[in-house]
Amino acid sequence: MDFLSPRTLKITNWVILAGLTAVSWLTLGVDFAVGVVVGGLLSVLNFHALHRAVQGLAVRAQAGPPEEGGRAKAYFAVRQALRYVVVLALIFYLVGSGRVHVIGLVVGLSTVVLTLMLAAITETVKLKRKEAHPSHGTPHSVS
């Protein structure tokens, strides 16, 4: 399984969010679990939006003339800044209004981070296994 493909990362995000929600609901109650769900949705949807924006940037930069690449990068930067402002405003509203459990929200916001850490650990283990069996991997040392 290629853990670094965007599709696998997105699926893993949802699986980790479901696991975090289930564990938090069973151990810490409904309010905490709602915070995890809200934070996880913000995090996962933000990651999905970032993926689509990077894909769009790559398409625009390759399709047009060289000066089009500069405009595409500027559009990308402005769009990402606006996206982050919206996410921060949502978090500020949620925390300020007391509608969600703050620690649950932080745990949910960590969903993508946990996925990326899991992907990094998986890839490191793969590289170490290749290094341990030189006939199946690269002849160059990884470490």
Side-chain angles (χ1 to χ4, degrees), residues 1-133 136-138 140-143:
M1 180 168 85
D2 182 19
F3 216 120
L4 296 179
S5 75
R7 184 172 192 273
T8 306
L9 289 174
K10 288 178 184 178
I11 291 170
T12 306
N13 279 335
W14 291 114
V15 170
I16 286 178
L17 178 59
L20 286 173
T21 303
V23 168
S24 63
W25 184 29
L26 293 173
T27 59
L28 299 169
V30 173
D31 291 339
F32 193 89
V34 169
V36 171
V37 168
V38 170
L41 285 175
L42 273 173
S43 177
V44 170
L45 294 177
N46 191 31
F47 183 74
H48 181 74
L50 177 63
H51 175 244
R52 291 185 58 100
V54 169
Q55 276 184 326
L57 173 66
V59 168
R60 276 191 218 104
Q62 288 180 349
E67 62 272 2
E68 182 67 28
R71 267 191 271 155
K73 289 177 189 174
Y75 175 72
F76 174 80
V78 169
R79 193 170 159 191
Q80 298 317 301
L82 289 174
R83 186 171 50 83
Y84 281 118
V85 167
V86 168
V87 169
L88 286 174
L90 282 171
I91 292 171
F92 182 77
Y93 170 74
L94 290 169
V95 171
S97 67
R99 294 185 182 267
V100 294
H101 194 280
V102 175
I103 304 299
L105 183 72
V106 171
V107 170
L109 287 171
S110 303
T111 302
V112 173
V113 174
L114 292 173
T115 300
L116 294 176
M117 287 174 58
L118 183 62
I121 290 169
T122 303
E123 292 301 315
T124 302
V125 169
K126 280 183 188 176
L127 286 174
K128 289 295 182 184
R129 285 187 181 158
K130 281 184 181 179
E131 192 173 286
H133 302 285
H136 300 292
T138 177
H140 307 290
S141 175
V142 178
S143 54

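Bear in mind the structure is a predicted one, so any value in this text is a computation, not a measurement. Each residue takes its place number in the sequence, starting with 1.
- A pairwise comparison of heavy atoms in L17 and V37 identifies CD1-CA, 4.4 Å as the closest pair.
- The main-chain N or O of V113 is never found under 3.5 Å from a side-chain atom of S110 such that the two would form a donor-acceptor pair.
- Note that NZ of K126 and OG1 of T124 are 10.5 Å apart. Values are rounded to the nearest 0.5 Å.
- For the residue pair N13 / T115, a side-chain donor-acceptor distance below 3.5 Å is found, with atom types taken as modelled.
- Residues meeting the side chain to side chain contact (heavy atoms under 4.5 Å, CB included) test with L50, sequence neighbours left out: V54, F76, Q80, R83.
- Minimum heavy-atom separation, A33 to S24: CA-OG, 3.5 Å.
- Side-chain atoms of L9 and L116, non-hydrogen and from C-beta on, do get closer than 4.5 Å to each other.
- For R52, the side chain to side chain contact (heavy atoms under 4.5 Å, CB included) test picks out H48, with sequence neighbours left out.
- Residue pairs meeting the side chain to side chain donor-acceptor pair (under 3.5 Å) criterion with at least one partner in residues 95-105, sequence neighbours excluded, are Y93-R99.
- Closest heavy-atom contact between G108 and T111: O-OG1, 2.6 Å.
- The structure places CG of L41 at 10.5 Å from CG of L105, a figure rounded to the nearest 0.5 Å.
- Of all non-hydrogen atoms in F32 and G104, the two that sit nearest each other are CE1-N, 3.4 Å.
- Here the closest non-hydrogen pair linking S43 and L109 is OG-O, 3.3 Å.
- Within the 3.5 Å criterion, the main-chain N or O of L118 finds a donor-acceptor partner in the side chain of T122.
- With a 4.5 Å cut-off on side-chain heavy atoms, L28 and V36 do not count as touching.
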